[in-house]
Amino acid sequence: MGGRYLLRTFGCQMNEHDSERIAGLLESDGYVRAEEAAQAQVVVFNTCAIRENADNRLYGNLGHLRPFKEANPRLRIVVAGCLAQKDQGQIQERAPWVDVVIGTHALPGLLELLKRAETEGPQMDVREYTEVFPSALPARREVAHHAWVSIAMGCDNRCTFCIVPLVRGPQLSRRIGDVLAEVQDLARRGVVEVTLLGQNVNTYGRDLTVPGSSRRPLFAELLRAVNDIEGIRRIRFTSPHPHDFTPDVIEAMAESERVCEHIHFPMQSGSDRILKAMQRSYRSERYLSWLSRIREAIPGIAVTTDIIVGFPGETEEDFAATLDVVGAGRFDQAFTFQYSPRPGTPAGTMPDQVPKDVVQDRFDRLVALQESISLSRMREMVGRTAEVLVEGVGRKGGVQGRTRTNKVVHLGGDLAPGTFLEARITSAHPHHLVGELVRVTGVAAAGSQREPAAAG
Ligand code: 5AD
Ligand code: SF4
């Protein structure tokens with residue numbers, strides 16, 4: 001087909017990875033990337049539905065595109081991702097200039113839908129389920145040394161605030177052999193760091209059996225197998241759910257030297273009453289005891305978390321419990337969110353929605369506490385040396401990279417992405433460190449940036 005495409009991505013890593021596949025599909029059909037809407041023949045919004053502000057942003061963006069479509073009726077506008085799944089036909093009702101609405105399970109059919117839109121007008125595919133894991137899609141990766149690797153789609157949990165199970169469907173795990181084949185292929189292409197992606201990586205494999213047996217593959221087993229792949233130097237994963245966390249995962253992390261010393265361990269609330277209302281089956285004491293076990297088994301591990309403030313019915317006492325657990329947990333970083341009611345979720349219609357000003361006040365207090373903890377955690381690094389993998393140019397010049405513990409480090413100089421180095425940490429800020437180069441320890445072999453995905 002050919003032409004230029006503009007792709008904008010909102011939301012989580014899962015969406016970033018889906019966007020790599022969208023870009024890969026378009027490029028396999030001859031499209032090249034555009035820098036702005038005025039040059040593009042296809043504009044794709046890969047959307048997020050997790051909080052309400054994402055909805056507003058999409059409709060705002062579609063409004064901006066309207067004059068472009070009027071000036072160039074051949075421009076094709078695509079809405080993909082979780083909001084496409086959530087809003088379905090409403091999108092083309094509100095913005096009739098949208099050509100294709102494509103849900104999270106329909107991605108492999110994107111080129112076909114675009115072609116059909118040429119002759120038949122607006123298209124929509126928001127199928128609710130795919131039986132086969134769509135592994136065989138090409139991906140256009142932004143950097144040569146790192147790759148996202150999807151290990152499961154969807155989620156079988158029902159956290160009462162969360163729209164993900166409604167838009168991404170039940171869990172569908174990818175066969176272990178397909179995951180390993182993709183990582184091997186990536187390693188051959190010069191990728192040195194992989195991030196395994198799933199809504200709840202601990203339940204990976206629950207819907208599969210190991211070939212030739214009736215046993216289910218386990219996440220710990222997958223971690224160990226990825227650890228054995230030659231060429232991969234850093235393995236990350238996101239996210240585990242504290243409810244399904246098991247000792248074998250801690251053991252696998254501790255014993256697999258390429259698995260990085262970082263875990264994202266979403267807590268959501270420190271109040272047991274609120275955790276129950278959220279349908280998160282652990283309680284704060286158990287959460288903290290997991291943290292201790294993880295830290296004992298993997299010395300120096302960084303822990304990050306997600307916390308929601310203002311869940312329906314949250315009292316000042318509940319919020320104080322969250323502050324207490326945050327104080328006790330001493331997270332390296334926390335992603336803090338103001339609760340946003342989502343249509344179709346049980347919490348969306350719960351009574352006692354907390355007034356906005358109360359939520360804002362609690363949010364500010366939580367952020368202030370966490371910033372001070374993050375800063376003190378970062379300060380523990382000052383004077384030490386750490387391995388840094390360079391990711392790209394820093395915001396203030398120089399380069400930016402990450403430690404194995406996922407801390408951002410800014411350094412002076414000009415080093416290629418994919419360079420491993422030893423840095424001495426000279427100063428700390430709540431969200432990043434500053435360091436100086438001690439010595440370069442390795443460079444990832446520059447691979448091709450665009451590749452067909454592994455078979456499977
Ligand atoms: N409101 C606010 N935050 C939410 N999250 C999920 N759903 C909501 C919601 N309705 C947060 C959770 C989750 C992270 C990805 O987003 O903390 O872990
Ligand atoms: Fe949402 Fe809970 Fe599933 Fe995470 S585990 S995606 S928060 S329902």
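Worth knowing before you read on, the calculation uses all heavy atoms, side chains too, and leaves out hydrogens, waters and symmetry mates. Order of appearance sets the numbers: ligands from 1, and atoms from 1 within every ligand. Being a predicted model, the structure only gives us computed values, none of them experimental.
Scanning the protein for heavy atoms near atom 10 (N) of ligand 1, the closest one is Ser340 O, 2.8 Å. Nearest protein heavy-atom contact of atom 2 (C) of ligand 1 is Gln338 O, 3.4 Å. Protein heavy atom closest to atom 17 (O) of ligand 1, with residue, atom name and distance, is Gln268 OE1, 2.6 Å. Considering only non-hydrogen protein atoms, atom 15 (C) of ligand 1 sits nearest to Asp306 OD2, 3.8 Å. Protein heavy atom closest to atom 2 (Fe) of ligand 2, with residue, atom name and distance, is Cys159 SG, 2.3 Å.
Interatomic distance, Gln333 CD to Asp306 CG, rounded to the nearest 0.5 Å: 12.0 Å.
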Stepwise side-chain contact (heavy atoms from CB on, under 4.5 Å) check, Arg234 with Arg258: CA-CA 5 Å; Arg234 287 184 172 192; Arg258 291 156 174 172; over 6 Å; no
Pair Leu166-Lys86, side-chain contact (heavy atoms from CB on, under 4.5 Å): steps then yes or no: CA-CA 8 Å; Leu166 306 180; Lys86 169 181 160 283; over 6 Å; no
Would you check, one step at a time, whether the test side-chain contact (heavy atoms from CB on, under 4.5 Å) holds for His262 with Arg404? CA-CA 7 Å; His262 168 232; Arg404 286 175 60 92; over 6 Å; no
Under the side-chain contact (heavy atoms from CB on, under 4.5 Å) rule, what do Cys159 and Gln279 come out as? Steps first, then yes or no, please. CA-CA 5 Å; Cys159 303; Gln279 235 162 275; 5.6 Å; no
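Distances from atom 4 (Fe) of ligand 2 to the heavy atoms of Gln199, Gln171, Met14, Gln279 show the closest one on Gln199. Taking each of Arg51, Gln199, Met278, Met14 in turn, the one with a heavy atom nearest to atom 5 (N) of ligand 1 proves to be Arg51. Nearest-residue assignment for atom 3 (Fe) of ligand 2 (options Gly198, Cys12, Cys155, Ser239; heavy-atom criterion): Cys155.
Counting only heavy atoms from C-beta outward, the side chains of Met350 and Phe161 never approach each other to under 4.5 Å. Within the 4.5 Å cutoff, side-chain heavy atoms of Ile250 are placed close to those of Trp290.
Of the heavy atoms in Asn200, none comes closer than 4.0 Å to ligand 2. With a heavy-atom cut-off of 4.0 Å, Phe161 touches ligand 1 through backbone and side chain alike. Contacts between Ile50 and ligand 1 below 4.0 angstrom, taking non-hydrogen atoms only, involve backbone and side chain alike.
Among the backbone and side-chain atoms of Cys162, an N, O or S atom lies under 2.8 Å from atom 1 (Fe) of ligand 2.
Close approach to Pro165 involves these atoms of ligand 2, each under 4.0 Å from a residue heavy atom: 8 (S). Near Val164, with a cut-off below 4.0 Å to any heavy atom, the atoms of ligand 2 are 6 (S). When each atom of ligand 2 is checked for a heavy atom of Phe161 under 4.0 Å away, the hits are 7 (S). Atoms of ligand 2 lying under 4.0 Å from at least one heavy atom of His241, given by number and element, are 5 (S).
For the pair Arg342 and ligand 1, the shortest N or O to N or O distance does not fall below 3.5 Å.
A donor-acceptor distance shorter than 3.5 angstrom exists from the side chain of Asp156 to the backbone of Gln171, with no hydrogens or angles considered. At least one donor-acceptor pair under 3.5 Å links the side chain of Ser173 to the backbone N or O of Gly205.
A donor atom on one side chain and an acceptor atom on the other are found under 3.5 Å apart for Asp87 and Tyr59.
Look at Arg280 and you'll find a heavy atom under 4.0 Å from some atom of ligand 2.
Using a cut-off of 4.0 Å between Lys/Arg side-chain N and Asp/Glu carboxylate O, Arg402 and Glu193 are scored as not salt-bridged.
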